[in-house]
Amino acid sequence: MHIDGDAFFASVEIAKNPSLRGKPVVVGKERGIASAFSYEAKALGITRGLPIYQIHKRFPQVVILPGDYISYTTYSEKMFDIVRRYTDNLEEYSIDECFADLTGWDKPLKMSYEKILLRIQNEIKEELDISVSIGLASTKVLAKVASKWRKPGGITLIPDNLVYEFLIKTPIEKIWGIGRRTSVYLNKKGIITAYDLAIKDEAWVTHILSKPYIEIWKELNCILVSKVDPRKKDTYASIQKTRTFYPPTSNPEMLMSQISKNLEGACSKARHYSLRASRVAIFLKTQEFRYYSCEISLLAPSNIPEIILPIVRKEFPKVFRSDRVYRTTGVTLRDLVSGEMRQESLFGEDKKDKKFEIIHKEVDALVEKFGVGVVHLASTNKAFRKQTRGATDTDDLDRNLLFL
DNA sequence: TCTGGGGTCCTAGGACCC
DNA sequence: TCTGGGGTCCTAGGACCC
């Protein structure tokens with residue numbers, strides 16, 4: 001089974017404040033683009049990623065709200081708990097989607113599968129006042145096709161013997177895991193619908209496509225590749241912080257300062273989860289949306305920006321060129337290891353690390369209490385100043401900054 | 001669509017080793 | 001050295017997802 005919240009963020013906003021029901025609602029004010037919208041807003045022609053200022057101008061009647069991620073998380077957890085009344089084998093796929101394995105539960109529950117889906121959908125509606133669409137099939141890829149079949153509020157079962165009848169009506173680009181690039185590629189090979197792919201033989205598929213797509217092909221043919229995985233995800237493989245700024249710039253100090261801010265943010269999150277990065281990647285994105293990146297191995301895993309920043313600064317010229325104009329910077333911490341640091345270093349950098357660790361314990365507490373940015377690296381200062389419209393260099397003096 | 005932010009997984013090719 | 005064959009590790013980047 002795959003459950004998908006209908007216009008989830010907007011639905012939660014309406015559940016929180018029912019006077020919004022029936023109105024076009026858009027969430028994403030704080031990001032400057034529409035990240036979710038109600039069906040009424042969709043009917044006006046609003047699409048994902050549409051800039052908020054344009055929505056404001058073109059559709060003044062639209063209610064524009066900032067995202068309230070704490071509420072979304074609460075609703076999400078409640079939704080999953082309702083599903084868990086029927087099976088423990090539930091995989092939380094994203095904030096508004098989950099997979100659950102109902103195999104065999106029809107007998108003990110003394111209900112048909114369809115009845116179970118209906119019950120789940122009703123309980124979510126009654127208790128949370130939000131609508132979901134549900135799909136049921138032999139594999140995750142097919143269950144996703146099913147849940148998308150009729151939105152909002154749909155329930156769709158795809159038994160194995162009817163799979164091809166659904167796939168023949170499904171354009172290949174609608175399949176989970178097949179994006180724009182692969183669709184274009186497959187179209188050129190004569191594959192237009194999901195059915196066209198499903199009926200190819202394995203030799204053809206392995207010759208033409210790589211591993212993830214071979215798995216999709218199997219799942220389209222009811223061969224289960226990806227099991228429902230109920231393990232709660234409690235850690236990260238990587239932590240990324242990025243920021244787009246306006247206007248775009250070629251100024252290396254400005255860019256380094258943005259990277260410094262990215263790094264501080266990423267390290268702060270890593271410390272929160274007791275994770276340390278063994279590698280760190282930085283990237284610059286140009287006006288033309290071209291990425292330039294590089295990756296660096298650290299001598300010892302760290303989550304201390306003061307330790308990592310000098311290393312990053314040394315690598316910065318690898319990605320920077322003064323004749324390019326950049327709009328976004330980003331930092332990714334990877335190869336994260338969890339737990340306390342223990343390893344004694346040969347050259348005693350860990351002593352320095354430990355000192356900063358003590359400082360950061362205090363700084364993290366201050367940030368917790370007073371908000372992001374109350375204490376930050378001097379190297380990040382330019383990036384913070386950038387946020388204030390019309391700021392000038394003399395603002396530094398007004399801010400009465402303390403330097404560590 | 002002039003396009004935000006946070007993730008995951010996979011592959012090609014180079015460096016290096018025996 | 002004008003070089004065979006097999007393997008691992010690392011990095012950049014592609015593609016996709018929500």
Side-chain angles (χ1 to χ4, degrees), chain A residues 2-9 26-37 42 44-55 57-58 66-67 69 72-73 76 91-99 140-141 144 147-148 172-186 209-216 225-226 229 233 235-248 258 261-262 265-266 269-270 273 275 278-298 315 318-319 325 327-336:
Chain A
H2 178 247
I3 301 196
D4 197 351
D6 299 320
F8 188 68
F9 293 174
V26 170
V27 177
K29 191 173 188 167
E30 81 290 355
R31 284 186 180 172
I33 56 157
S35 40
F37 37 81
K42 189 178 183 175
L44 292 174
I46 287 167
T47 51
R48 243 178 77 82
L50 191 64
I52 295 292
Y53 75 91
Q54 278 191 35
I55 297 173
K57 211 163 58 186
R58 286 162 55 192
Y69 295 89
Y72 307 153
T73 305
S76 169
E91 177 178 334
E92 299 182 6
Y93 177 67
S94 74
I95 196 157
D96 70 327
E97 284 179 46
C98 68
F99 293 99
K140 283 183 184 172
V141 169
K144 271 248 191 194
S147 68
K148 266 202 281 192
I172 190 70
E173 66 269 20
K174 297 283 184 203
I175 297 297
W176 179 43
I178 297 187
R180 257 224 326 256
R181 299 307 270 269
T182 309
S183 300
V184 169
Y185 173 72
L186 287 174
L209 295 165
S210 61
K211 189 177 159 190
Y213 304 100
I214 296 161
E215 293 181 353
I216 290 169
V225 177
S226 167
D229 180 358
K233 185 176 137 55
T235 191
Y236 291 94
S238 66
I239 290 173
Q240 182 171 3
K241 290 286 170 189
T242 64
R243 183 63 85 199
T244 301
F245 34 84
Y246 191 84
Q258 292 288 349
K261 187 179 175 189
N262 296 149
K269 183 168 176 181
Y273 287 92
L275 294 169
S278 311
R279 321 178 54 73
V280 48
I282 59 171
F283 78 80
L284 298 179
K285 178 158 66 163
T286 67
Q287 250 178 340
E288 296 79 27
F289 284 74
R290 277 205 60 89
Y291 287 82
Y292 296 92
S293 68
C294 71
E295 206 175 298
I296 309 137
S297 287
L298 303 178
E315 302 294 316
K318 272 195 192 169
V319 288
V325 187
R327 71 185 331 265
T328 307
T329 63
V331 168
T332 309
L333 302 179
R334 341 187 122 162
D335 291 15
L336 298 171

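The structure displayed is predicted, hence computed values, not measured ones. A note on names: the letters A, B, ... follow the listed sequences, proteins ahead of strands, and every chain is numbered from 1.
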(request) Please measure how far the C1' atom in C:dT3 lies from the corresponding atom in B:dC17, and state the result in whole Å. (result) 16 Å
(request) Remember a base hit wins even if backbone is also touched, and classify A:I178 as base, sugar-phosphate or nothing at under 4.0 Å, heavy atoms. (result) sugar-phosphate
(request) Give A:T332 one of three labels, base, sugar-phosphate or nothing, depending on what nucleic acid heavy atoms sit under 4.0 Å from its own. (result) nothing
(message) Check the phosphate of C:dC18 against A:K144, side-chain N and O only, distance under 4.0 Å to OP1 or OP2. Yes or no?
(response) yes
(request) Can you tell me the distance, in whole Å, between the CG atom of A:D4 and the C1' atom of C:dC18? (result) 10 Å
(request) Have a look at A:I239 and tell me which of A:V331, A:T332, A:L275 forms a side-chain contact (heavy atoms from CB on, under 4.5 Å) with it. (result) A:L275
(message) Over all strands shown, is A:I175 touching base, sugar-phosphate only, or nothing at heavy-atom distances under 4.0 angstrom?
(response) sugar-phosphate
(request) Could you please name the option among B:dG4, B:dG5, B:dG6 that lies closest to any side-chain atom of A:F289? (result) B:dG4
(request) Could you tell me the separation between the OH atom of A:Y236 and the P atom of C:dC17, rounded to a whole number of Å? (result) 21 Å
(message) Suppose we call two aromatic rings close when their centres sit under 6.0 Å apart. Are A:Y69 and A:F9 close by that rule?
(response) yes
(message) Looking at A:D335, is its backbone amide N or carbonyl O close enough to the side chain of A:S278 to form a donor-acceptor pair, meaning the two atoms are under 3.5 Å apart?
(response) yes
(request) Examine the side chains of A:S147 and A:D4 and answer whether a donor and an acceptor come within less than 3.5 Å of each other. (result) no
(message) Using OP1 and OP2 only, check whether a side-chain N or O of A:R327 sits under 4.0 Å from B:dG4.
(response) yes
(request) Have a look at A:R181 and say if it touches a base, only the backbone sugar-phosphate, or nothing, with a 4.0 Å heavy-atom cut-off. (result) sugar-phosphate
(request) Round to the nearest Å and state the distance from A:E97 atom CD to B:dT8 atom C1'. (result) 15 Å
(request) Identify the two heavy atoms, one from A:C294 and one from A:E315, that lie closest to each other, and give their separation to 0.1 Å. (result) SG-CB, 4.0 Å
(request) Assess whether atom NZ of A:K233 is packed by more than 12 heavy atoms of other residues, nucleotides or ligands within 6.0 Å. (result) yes
(request) Mind calculating the distance between CD1 (A:I95) and C1' (C:dC18) to the nearest angstrom? (result) 10 Å
(message) Classify A:Y213 by what it touches in the nucleic acid, base, sugar-phosphate, or nothing, heavy-atom distance under 4.0 Å.
(response) sugar-phosphate
(message) Rounded to whole Å, how long is the line connecting atom CD of A:Q258 with atom P of B:dG4?
(response) 14 Å
(request) Choose from B:dT1, C:dC17, B:dG4 the nucleotide whose nearest atom is closest to any side-chain atom of A:T47. (result) B:dT1
(message) Both A:T328 and A:L50 contact DNA chain B. Taking the nearest nucleotide for each, which residue is further toward the 5' end?
(response) A:L50
Tabulate atom names and distances for all N/O pairs under 3.5 angstrom spanning the protein and nucleotides 9-16 of chain B.
{"residue": "B:dC10", "atom": "OP1", "partner": "A:K211", "partner atom": "NZ", "Å": "3.4"}

(request) Please determine, for the side chain of A:R243, which listed nucleotide (B:dG5, C:dC18, B:dT3) has the closest atom? (result) B:dG5
(request) Would you classify A:G32 as touching base, sugar-phosphate or nothing, given that sugar-phosphate means primed atoms plus P, OP1 and OP2, and contacts are heavy atoms under 4.0 Å? (result) nothing
(message) In this structure, how many angstroms lie between the C1' atom of C:dC17 and the CZ atom of A:R180, rounded?
(response) 14 Å
(request) Mind calculating the distance between CD1 (A:I33) and P (C:dC18) to the nearest angstrom? (result) 15 Å
(message) So A:G177, base contact, sugar-phosphate only, or nothing? Heavy-atom distance under 4.0 Å.
(response) sugar-phosphate
(message) Side chains of A:T182 and A:Y213: any donor to acceptor distance under 3.5 Å?
(response) yes
(message) Quick check on B:dG6: is either OP1 or OP2 less than 4.0 Å from any side-chain nitrogen or oxygen of A:T242?
(response) yes
(message) Taking atom NZ as the centre, does A:K285 end up with more than 12 heavy-atom neighbours from other residues, nucleotides or ligands that are less than 6.0 angstrom away?
(response) yes
(message) In this structure, how many angstroms lie between the P atom of C:dC18 and the CZ atom of A:F37, rounded?
(response) 14 Å
(message) Is the terminal nitrogen or CZ of A:K140 (NZ for Lys, CZ for Arg) located under 6.0 angstrom from the six-membered ring centre of A:F99 and within 45° of that ring's axis?
(response) yes
(request) Tell me what A:K233 touches on the nucleic acid: a base, only sugar-phosphate, or nothing, going by heavy atoms under 4.0 Å. (result) sugar-phosphate
(request) May I ask which nucleotide in the shown strands pairs with B:dC18, Watson-Crick or G-U wobble, both distances under 3.5 Å? (result) C:dG5
(message) Does B:dT8 have OP1 or OP2 under 4.0 Å away from a side-chain N or O of A:S238?
(response) yes
